[in-house]
Number of protein chains: 2
Amino acid sequence: MRDAGFTIRSMAERCGMTAHTLRYYERVGLIQPVGRARNGHRRYSEADEVWLNFLHCMRATNMPIREMQRYAGLRENGDATSLQRRSILEDHQAQIAEQIVALQQAHALLTHKIANYRKIEEHIRIDQPEPAEPELDCALVSAG
Amino acid sequence: MRDAGFTIRSMAERCGMTAHTLRYYERVGLIQPVGRARNGHRRYSEADEVWLNFLHCMRATNMPIREMQRYAGLRENGDATSLQRRSILEDHQAQIAEQIVALQQAHALLTHKIANYRKIEEHIRIDQPEPAEPELDCALVSAG
DNA sequence: TCTTGACTGAGAGCGCGCTCCAAGATGTAC
DNA sequence: GTACATCTTGGAGCGCGCTCTCAGTCAAGA
């Protein structure tokens with residue numbers, strides 16, 4: 001039983017998901033019913049792969065399944081839905097930008113706190129008894 | 001009933017969490033038992049606020065509660081745990097760096113796709129009947 | 001023929017991180 | 001006194017996104 005296309009397993013590997021997840025995505029309408037081999041097993045096309053990779057990328061950046069469903073639904077209705085789809089992507093892009101800012105701030109905070117821990121460790125190493133100066137905390141957030 | 005410190009409500013507002021969440025965090029050991037007014041109501045100190053803001057920042061960057069619990073536990077044991085705490089922060093910082101990369105890639109992909117949608121919209125506007133050129137897809141991920 | 005392994009669908013279960021509920025105590029305003 | 005608001009607790013419930021189980025089918029290989 002060969003028939004053309006990727007098995008669910010190999011497609012899962014290619015996209016960094018599990019077979020369970022691929023079936024789940026199909027079930028909830030994120031991907032349209034996939035082609036089948038003569039034995040009823042799924043066979044994924046390269047177009048499926050591209051789409052799945054896109055879904056994976058959106059999920060990895062915290063787009064909710066619901067939003068992805070909306071997008072997938074629009075996509076099935078062709079070019080006429082371009083505007084709405086673009087709007088979804090623009091919203092998500094804005095979300096991503098916000099996430100990046102939050103992550104960068106946290107990253108900076110951690111750089112500061114890590115440096116502070118190093119200082120504490122120095123103190124402990126050099127003069128055991130001394131209780132190490134209180135944390136030089138970051139302007140943004142701190143304690144800990 | 002005044003007593004010193006912030007009520008759970010005002011602290012929740014200050015930290016961008018709900019009162020529910022503050023109680024939950026206390027319950028699971030992310031914050032040590034908070035001081036009380038004479039009527040038994042919680043009263044948060046400024047030190048609590050600093051710590052809660054830090055927790056909030058870590059959660060907002062996807063540190064799991066479990067990890068935060070580990071960190072909080074170490075923190076209660078003083079400077080001797082500096083090395084372990086630093087290690088947790090370093091790991092999380094690395095995680096953050098990875099997240100930023102993924103987000104930046106997705107952001108770039110979306111820029112591309114959004115531009116593509118604009119083109120499709122142009123086509124539709126200019127010559128209704130023509131079916132708009134197939135998507136000029138991104139090298140990285142695409143479809144949709 | 002028998003075993004092995006990959007698949008199938010339906011549906012239950014799970015881990016996370018809250019979020020809400022119910023019943024009760026206390027404090028403030030009228 | 002009587003509302004009303006705000007808090008308390010323990011514990012149940014929830015939404016999300018999977019993840020797993022189960023019983024069954026099918027095809028290839030020894």
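Values reported hereafter were calculated over all heavy atoms of this structure, with side chains retained and with hydrogens, waters and symmetry mates removed. Remember, it's a predicted structure, so these values are computed and weren't measured experimentally.
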Item to check | side-chain contact (heavy atoms from CB on, under 4.5 Å) between B:Gln32 and B:Glu76, intermediate numbers included | outcome: CA-CA 9 Å; B:Gln32 285 188 289; B:Glu76 284 163 28; 3.2 Å; yes
Next on the checklist: Output the rounded distance in Å from NE2 (A:His56) to C1' (D:dC18).
Outcome noted: 13 Å
Item to check | Atom-pair distance (OH on B:Tyr44; C1' on D:dT8), nearest Å | outcome: 12 Å
Item to check | Those residues that, when tested against B:Asn62, pass side-chain hydrogen bond (donor to acceptor under 3.5 Å, both in side chains) (two or more places apart) | outcome: B:Gln99
Item to check | Heavy atoms from other residues, nucleotides or ligands near CD of A:Glu46 exceed 12 (cutoff 6.0 Å) | outcome: no
Checklist entry - In whole Å, what is the span from the CD1 atom of A:Ile8 to the P atom of D:dC18? => result 14 Å
Checklist entry - Which of these, B:Leu52, B:Ile65, B:Leu22, B:Thr21, sits in a side chain to side chain contact (heavy atoms under 4.5 Å, CB included) with B:Leu30? => result B:Ile65
Checklist entry - In B/S/- notation, 5' to 3', how is nucleotides 11-21 of chain C contacted by protein heavy atoms closer than 4.0 Å? => result B----SBBBB-
Checklist outcome for this item: To the nearest angstrom, the CZ-P distance between A:Arg38 and C:dT8 comes to 16 Å
Checklist outcome for this item: note: A:Leu22, atom CG; C:dC7, atom C1'; distance rounded to Å ~ 13 Å
Checklist entry - How long is the line joining CZ of B:Arg36 and C1' of C:dA25, in whole Å? => result 13 Å
Checklist entry - At under 4.0 Å, does any side-chain N or O of A:Arg42 touch on OP1 or OP2 of C:dC7? => result no
Next on the checklist: Test side-chain hydrogen bond (donor to acceptor under 3.5 Å, both in side chains) on A:Ser82 and A:Asp79; report intermediate values, then the result.
Outcome noted: CA-CA 5 Å; A:Ser82 176; A:Asp79 287 345; over 6 Å; no
Item to check | Length of the CG-P vector between B:Asn39 and D:dA5, whole Å | outcome: 18 Å
Checklist entry - Expressed in angstrom and rounded to an integer, what is the separation of B:His41 atom NE2 from C:dG27 atom P? => result 8 Å
Item to check | Exam field: side chain A:Arg85 to backbone A:Gly78, donor-acceptor pair closer than 3.5 Å | outcome: yes
